[in-house]
Colleague: 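Before we start, here is the structure in question, set down as structure tokens.
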Number of protein chains: 2
Amino acid sequence: MPDTTRRADRANGSRYGNRPTMKDVAARAGVGLKTVSRVVNGEPGVTPDTERRVREAIEALGFRRNDSARVLRKGRTASIGLVLEDLADPFYGPLSRAVEEVARAHGALLINGSSAEDPEREQELALALCARRVDGLVVIPAGDDHRYLEPEIRAGVATVFVDRPAGGIDADVVLSDNFGGARDGVAHLIAHGHRRIGFIGDMPRIHTAAERLRGYRAAMEDAGIPVAEGWMSLGATDPERVRRATEEMLAGPDPVTAVFTGNNRVTVTVIRVLAEYDRPVALVGFDDFELADLLQPGVTVVAQDAAALGRTAADRLFQRLDGAPGTPERLELPTRLITRGSGELPPAH
Amino acid sequence: MPDTTRRADRANGSRYGNRPTMKDVAARAGVGLKTVSRVVNGEPGVTPDTERRVREAIEALGFRRNDSARVLRKGRTASIGLVLEDLADPFYGPLSRAVEEVARAHGALLINGSSAEDPEREQELALALCARRVDGLVVIPAGDDHRYLEPEIRAGVATVFVDRPAGGIDADVVLSDNFGGARDGVAHLIAHGHRRIGFIGDMPRIHTAAERLRGYRAAMEDAGIPVAEGWMSLGATDPERVRRATEEMLAGPDPVTAVFTGNNRVTVTVIRVLAEYDRPVALVGFDDFELADLLQPGVTVVAQDAAALGRTAADRLFQRLDGAPGTPERLELPTRLITRGSGELPPAH
DNA sequence: CTGAAAGCGCTTACAG
DNA sequence: CTGAAAGCGCTTACAG
């Protein structure tokens, strides 16, 4: 007997198991389809007695409305997509959570995925979300060409970029003040007497990396310090490369006395390397991280507010979904310098 | 003219903007609906010439298949739901990412949300995902009664629990060896000469917290050490409570000489408190965390593999979706003691 | 207060 | 090789 059921399942394509539908409920309650719909959706105009019968049938059958079908008819899916770089990166945790909370407040679910910093995967994921007809999209770009989203946006998919701007299209974007934050962080090192300052950042094609490098250059120029080529290293943030870069800057006759790191992953690796040196090297890192205050010395950072980035982007998205007019905007959030010791070390000659 | 378009949008309920459908493509290409479907899905039996005409129409109209409609007809949504405690918690980042990778390998999207440790919110979220007809569900329970999922599971929603077992229902579950890990960690402290050892953990209603406390008790009992009431503190993991608990254990005539902490959030707070004391207090924490090796002393931990938890759970889920038979299983993953210094400090008398 | 018909955008099952 | 009809499970627009 269970076997027969199984085969029946397969025969109808195992369609959602064997779930009862509104039609089943209507039949059992002896009412029309529309009446069931009214009860399920809390619409008015049903006598208490009818409603009771419908509710009993729902209970008895274990009916749950198929939102997937509802969505098809209504035209809005009450879900938004989030494309980020890596769900496992601690920077994106609070950002995702903030987007989720805003979505929740608007009764929407969140579908998300990681691009793994691969532009092709970003596109694949973003378009899959569009095919699901998410109402809107929050994207942390991996690539720098987003023209593939143009038809989708034109077709009505609200889209907001966060952390990095879109490439090749005009769209709302929420950014941290990467340039200003880096400039302030480097100026802080200069104010503490450093002149030979290294910069270790992410790949230059990533917008945030380029902006932070620009901030570094600006601070140095403002102080009238010429920058040596060997003081700048941009590339992948894997520990091996960052370690090599750090060691090179600390070698030679005129080693750097301070390092500015371009993001949290770089910072962490540089801390490990510096721990192996006897001479103190000053450090300011972009991005705050847990326990930065408990290390010795505490790590001075330029902090950005990941949750605020996510919240601002999601708010903007729902404003657009609610029909907010106007051309795409660029929203820039300030950063904050947090001094904890490592950035206040004097230069070791 | 744009205004007219706008009004038209509203009139039809702003249905996915104004997206072209297969019907539009068919009309433009001068073929039947089914032929468009064949081309879009790469099914055989279309002459090259017909295919070309269809592709041109698709291109010209900017058509993208509505997977939401497809799903309704096919019965499987190619998406799975993940209910976790907090997207922003660093422990769940790698776990989510692992689930995502497995889903991706199976061509499924991931819909996820945070329960915020609130049983009601967990239920609301899990049922919303069921209403969307996700094919399966990975749940990190907040509550301890999951009977509300019984009708869903019976209706065919594959469900796997991770990190904590389900309550009131029989379901697949993937756990760390919380009992064994905690017992080993406490035994490690005992082996280093400690007898007065404190335990600070999460709320006792949370399964992992209870299991880890059980491990603590077992280790103490194995060593023949009677446990004083004041040595155990379970409750919310907010810094204020944990700080108070730590301070109380360190006060009085017979203070603890070592602390075992029940999870990463507790550990981090206890480290902050211990940093304020002159006398050294040994510490072993459940859960590894970034930079644990760079603190002074390095923090000895009982590490669990969050990514492996997620991967194992997702693998199990897709096995079930592929028809794997058998009764629900309990999979337990080992933990690993990582010594870094804090757990090897001798007792200060 | 209630319900039958049409339709959302696809796929399935079938016939030519 | 191609396509018309029916249907997935709901909601919409309308009529009684």
Side-chain angles (χ1 to χ4, degrees), chain A residues 9-27 29-54 58 61-78 130-133 155-156, chain B residues 9-27 29-54 58 61-78 130-133 155-156:
Chain A
D9 278 7
R10 297 246 164 74
N12 71 13
S14 200
R15 173 158 300 120
Y16 304 130
N18 283 316
R19 287 191 168 263
T21 69
M22 278 194 181
K23 208 171 144 194
D24 301 322
V25 174
V31 299
L33 201 55
K34 178 63 201 171
T35 299
V36 177
S37 175
R38 284 197 182 91
V39 172
V40 169
N41 296 304
E43 289 167 26
V46 183
T47 48
D49 185 59
T50 308
E51 175 168 350
R52 191 185 42 72
R53 269 161 49 221
V54 171
I58 288 174
L61 295 171
F63 168 80
R64 177 172 310 283
R65 185 181 64 197
N66 183 337
D67 281 353
S68 196
R70 171 171 224 240
V71 142
L72 176 62
R73 190 62 238 247
K74 295 211 79 131
R76 280 211 168 183
T77 57
C130 290
R132 289 296 173 101
R133 297 296 187 268
Chain B
D9 280 5
R10 296 245 167 75
N12 70 16
S14 201
R15 174 157 299 120
Y16 305 132
N18 282 317
R19 286 189 168 265
T21 69
M22 278 195 181
K23 208 170 144 194
D24 300 322
V25 174
V31 300
L33 200 57
K34 179 61 201 171
T35 299
V36 177
S37 175
R38 285 197 181 91
V39 172
V40 169
N41 296 304
E43 289 167 26
V46 183
T47 48
D49 186 59
T50 308
E51 175 168 350
R52 191 186 41 71
R53 270 162 47 220
V54 171
I58 288 175
L61 295 171
F63 168 79
R64 177 172 310 282
R65 185 181 65 198
N66 184 336
D67 282 352
S68 196
R70 173 171 221 242
V71 142
L72 176 62
R73 191 60 240 246
K74 296 209 79 130
R76 280 211 168 183
T77 56
C130 290
R132 290 297 174 100
R133 296 296 188 267

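Residue numbers begin at 1 in each chain, while the letters A, B, ... track the order of the sequences. Only heavy atoms go into these numbers, but all of them, side chains included; no hydrogens, no water, no symmetry mates. All values reported here derive from a predicted model rather than from experimental measurement.
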Colleague: From CZ of B/Arg19 over to P of C/dC10, roughly how many Å is that when rounded to an integer?
Modeller: 10 Å
Colleague: Contact between B/Asp49 and B/Arg52 at the side-chain level, heavy atoms closer than 4.5 Å - yes or no?
Modeller: yes
Colleague: Can you tell me how far C1' of C/dA6 sits from NZ of B/Lys23, to the nearest Å?
Modeller: 12 Å
Colleague: Check the distance between D/dC10's C1' and B/Arg132's CZ and give it to me in whole angstrom.
Modeller: 14 Å
Colleague: Among all residues two or more places apart in sequence or in another chain, which pass the side-chain contact (heavy atoms from CB on, under 4.5 Å) test with B/Arg64?
Modeller: A/Leu127, A/Cys130, A/Ala131, A/Arg133, A/Glu152, B/Arg19
Colleague: Just how far, in rounded Å, is C1' of D/dC10 from CD of A/Glu43?
Modeller: 12 Å
Colleague: Can you list the residues that meet the side chain to side chain donor-acceptor pair (under 3.5 Å) rule with B/Arg38, with sequence neighbours excluded?
Modeller: none
Colleague: Would you list the protein and nucleotides 2-5 of chain D atom pairs, both N or O, that sit under 3.5 Å from each other?
Modeller:
unit_1	atom_1	unit_2	atom_2	d
D/dT2	OP1	B/Thr47	OG1	3.0
D/dT2	OP1	B/Thr50	OG1	2.5
D/dT2	OP2	B/Thr47	N	3.0
D/dT2	O4	B/Arg38	NH2	3.4
D/dG3	OP2	B/Gly32	N	2.9
D/dG3	OP2	B/Thr35	OG1	2.5
D/dG3	N7	B/Arg38	NH1	3.2
D/dG3	O6	B/Arg38	NH2	2.7

Colleague: Go through C/dC10, C/dT12, D/dC10 for me and flag the one nearest to the A/Phe63 side chain.
Modeller: D/dC10
Colleague: In whole Å, I'd like the distance from the CZ atom of A/Arg52 to the C1' atom of C/dC1.
Modeller: 16 Å
Colleague: Taking atom types as they are modelled, would you say the side chain of B/Arg73 forms a donor-acceptor pair with the base of C/dG9 within the 3.5 Å cutoff?
Modeller: no
Colleague: Any base atoms under 4.0 Å from A/Asn41, or only sugar-phosphate, or nothing? Heavy atoms, all strands.
Modeller: sugar-phosphate
Colleague: Can you list everything that forms a side-chain contact (heavy atoms from CB on, under 4.5 Å) with A/Asn41? Sequence neighbours excluded, please.
Modeller: A/Ser37, A/Glu43, A/Arg65, A/Arg70
Colleague: Whole angstrom is fine here: how far is it from CG in A/Asp24 over to P in D/dC8?
Modeller: 10 Å
Colleague: Write down the distance between CZ (A/Arg133) and P (D/dC10), rounded to a whole number of angstrom.
Modeller: 21 Å
Colleague: What stem regions, each of at least 3 consecutive Watson-Crick or G-U pairs below 3.5 Å, can be found for DNA chain C?
Modeller: C:1-3 with D:14-16, C:5-12 with D:5-12, C:14-16 with D:1-3
Colleague: With respect to the side chain of B/Leu72, which nucleotide from D/dT11, C/dT12, D/dG9 is positioned closest?
Modeller: D/dG9
Colleague: Kindly give the heavy-atom pair with the smallest separation between A/Pro20 and A/Leu61, and that separation in Å.
Modeller: CG-O, 3.3 Å
Colleague: Please determine which of A/Val25, A/Val46, A/Thr50 meets the side-chain contact (heavy atoms from CB on, under 4.5 Å) test together with A/Val31.
Modeller: A/Thr50
Colleague: B/Asn66 CG to C/dT11 C1': how many Å, rounded?
Modeller: 13 Å
